[in-house]
**Student:** 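Structure below; questions to follow.
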There are 2 protein chains.
Amino acid sequence: MAVRLKDVAEMAGVSVKTVSNVINGYPHVSATTRARVEAAVEALGYRPNLQARSLRTGRSGVIALGVPRLDEVYFAEVAAHVIDAAGALGLTVLVEQTDGERERELEVLSGIRPGMVDGVILSPLGLSRTDVDETTRGVPVVLLGERVSGSAVDHLRIDNVEAARQLTRSLLTSGRRRVAVVGVPTGSHASAARLRLDGYQRAHGDLDVAWDDELWMSVAGYRRADGAEAVHRLVGTGKPFDAIFCFNDLLALGALAVLRRHSVRVPEDVAVAGFDDIDECSYSVPTLTSVSPDKGELALRAVHTLQARMDGAGDVPDPEVPFAVVQRESTASSR
Amino acid sequence: MAVRLKDVAEMAGVSVKTVSNVINGYPHVSATTRARVEAAVEALGYRPNLQARSLRTGRSGVIALGVPRLDEVYFAEVAAHVIDAAGALGLTVLVEQTDGERERELEVLSGIRPGMVDGVILSPLGLSRTDVDETTRGVPVVLLGERVSGSAVDHLRIDNVEAARQLTRSLLTSGRRRVAVVGVPTGSHASAARLRLDGYQRAHGDLDVAWDDELWMSVAGYRRADGAEAVHRLVGTGKPFDAIFCFNDLLALGALAVLRRHSVRVPEDVAVAGFDDIDECSYSVPTLTSVSPDKGELALRAVHTLQARMDGAGDVPDPEVPFAVVQRESTASSR
DNA sequence: CCGTATGTTTACATCGTTGGAGAAGCCCAG
DNA sequence: CTGGGCTTCTCCAACGATGTAAACATACGG
């Protein structure tokens, strides 16, 4: 079944190594031999066994990507970009889902399939500072999202504080005064959420507006249902509010659904903003204002940084990925 | 850096093979030796080199999944389920994006990384009947979606004709009479679309209602923007219609956005239905009626079928995956 | 016409693991 | 005490590729 180098060699009447040389583009092979070998390769439909090659060379051309869940749109979009970027460099991507659980993130971090993966890109949720340092077993790692360790591990992120600050400021300058928050950090998770909350507070400070932390809603997860539940709770408190800043888009979309059910008009009565700028933001009703990280750039840089590390490069690139605040209908001025 | 079997063997004072035996749970190893070996494994932090193992055993524990694009939500959802199901069986999943291009689908089909992948699950768009038969190079393959070849290759699908028929019938029985279609097959693509159109026609036949094929809109792709564009065109024709059956959910969501912009009320003026039942259907405004294939079941069966083939099993399982028509607000009766 | 430089091809060891054959140690029946 | 059957363990070869070094061929200048 399997065609081996040896078979090609026999057919072409040369040694195994010569065939290997032809395939790997080794320069000193005579034109005639090369032609003969290539003919044999063609005739037999030879394809190298990457298993063996990588055993020999020590590199597999496969990288692992760990995300919480693929059906969380943001991560699917990032994954799509990562796969594209990796493909352009001749790398293949192995995708793992961690559900944000520390255990599984650690597993991905340590290279899942040792020897089978040249590097790891991980979007961590549950990891602690020390976890990362301890676990990295020599597999190059690039983290996406907030810096987990203060250590040597590469990470890429957007400036969450600044992004949240800009978005909040735009809400305040358009006249909103009671800005609720959905998705405040609970427990040890969500370092990104903490930074976003920080940006929210700074914006209030910048403009000398007081905030009301009774309008800060925690969530059990970061999906539509969680946003819906949180806003339901928010409305239940009876406290007035004229804007909601949701710490991701799915929460915001869940929020929109609940507001609609309560006949609250968006943006006339309440402005809503999200974070991540998933495709759906441009099509929801109303369309959703959101912080838009440059995902293509993020993925590209992640893959390139990883490859640089795999090649043993030592220079750390800029960890900051650009973002933009995209204003859409959901936060149009209320006047 | 790398700890090899040999190192463990030296530390434990036994042969390499004995260590291998311990690790693979070979029964005839004395308790004392086993303990000594395990201690050494622990002490050195040994992890087997899967590259080498799979070179030797001929199995890698990795399967490939090929989908058009991950950021198309339906495929992300399917991928998430496939990764879960594979993980439960100790398999890891390598994800490729084909963009629906024949070339790239063929590449995935022939095992992308020969020897590195034990099997392939592919959701094809551009492949022809013959392509599949010719390309399968001994790697077990399971296709998702419409049967492409009439051949020996396993495939899983839902009954598209019946699903479209049931959905269309429900539109007709609720009083709709001019049901537009968005996503009719163009060119050689879209065998699934052809079947759905077939179901649409049969439902009309069943109830003795005439259809108007000037209400059938073709699309360039199957994303929101394409649905939006198609409905824009549909409205432009000036032809009356009281329902739109979109051949996937994204098209339908794009359609909703355009209808809203034209102040067409859904479902009062026009009913809208989609296909695939992505998560968003439950949260859009209005919520979207859709055909819901059992994705968990689909993924589970795909993985199990693949494994059965990898194990050399010969019995073909039932290729039909259950579905349900989920009625939501977008098709509520107009009276 | 030889020695050397240059270019091309080959033989062999090697990567880390597992399968198979058989060696070594042990226990027990004869 | 010997021999047969177990159990437990070791040695060697092999999976399919590539790197090294050496062998072989050819061409050229002296």
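Per chain, numbering begins at 1; letters A, B, ... match sequence-line order. Keep in mind that what you see is a predicted model, and the values were worked out from it rather than measured.
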**Student:** Produce a footprint string for nucleotides 6-14 of chain D: one letter per nucleotide, 5' end first; B if the base is under 4.0 Å from any protein heavy atom, S if only the sugar-phosphate is, - if neither.
**Tutor:** --BSBB-BB
**Student:** For A:S60, what residues pass the side chain to side chain donor-acceptor pair (under 3.5 Å) criterion, not counting sequence neighbours?
**Tutor:** A:D118
**Student:** What residue pairs, at least two apart or across chains, pass salt bridge (Lys or Arg N to Asp or Glu O under 4.0 Å) with a residue in residues 293-304 of chain B?
**Tutor:** B:E77-B:K295, B:E297-B:R301
**Student:** Report the residues that fulfil salt bridge (Lys or Arg N to Asp or Glu O under 4.0 Å) with B:E107, sequence neighbours left out, ordered by chain and then residue number.
**Tutor:** none
**Student:** Would you list the pairs meeting salt bridge (Lys or Arg N to Asp or Glu O under 4.0 Å) in which at least one residue belongs to residues 20-40 of chain B, sequence neighbours left out?
**Tutor:** none
**Student:** Which residues pass the side chain to side chain donor-acceptor pair (under 3.5 Å) test with B:D311, not counting sequence neighbours?
**Tutor:** B:R59
**Student:** Quickly work out the B:L50 CG to D:dC15 C1' distance and round it to whole Å.
**Tutor:** 15 Å
**Student:** Listed by chain and number, what are the side chain to side chain donor-acceptor pair (under 3.5 Å) partners of B:R4, not counting sequence neighbours?
**Tutor:** B:D7
**Student:** Estimate the overall bend of the helix from C:dC1-D:dG30 to C:dG30-D:dC1 from the end axes over five pairs each, rounded to 10 degrees.
**Tutor:** 70°
**Student:** What is the separation between atom NZ on A:K6 and atom P on D:dT18, rounded to the nearest whole Å?
**Tutor:** 16 Å
**Student:** Can you name the residues that form a salt bridge (Lys or Arg N to Asp or Glu O under 4.0 Å) with B:R56, not counting sequence neighbours?
**Tutor:** none
**Student:** For DNA chain C, note the earliest and the latest nucleotide, 5' to 3', having some atom under 4.0 Å of a heavy atom belonging to chain B.
**Tutor:** C:dG16 to C:dG20
**Student:** Output yes when at least one side-chain N/O atom of A:N24 is less than 4.0 Å from OP1 or OP2 of D:dT18, else no.
**Tutor:** yes
**Student:** Would you say A:T57 places a side-chain N or O within less than 4.0 Å of OP1 or OP2 belonging to D:dT18?
**Tutor:** no
**Student:** Can you check side chain to side chain contact (heavy atoms under 4.5 Å, CB included) on A:V73 and A:D279, steps first, answer last?
**Tutor:** CA-CA 8 Å; A:V73 184; A:D279 197 32; 5.6 Å; no
**Student:** Provide the full list of side chain to side chain donor-acceptor pair (under 3.5 Å) pairs with a residue in residues 79-96 of chain A, sequence neighbours left out, each pair given once.
**Tutor:** A:D84-B:R69, A:D84-B:Q97, A:T92-B:R113
**Student:** For A:E10, check side chain to side chain donor-acceptor pair (under 3.5 Å) against everything at least two apart and list the hits.
**Tutor:** none
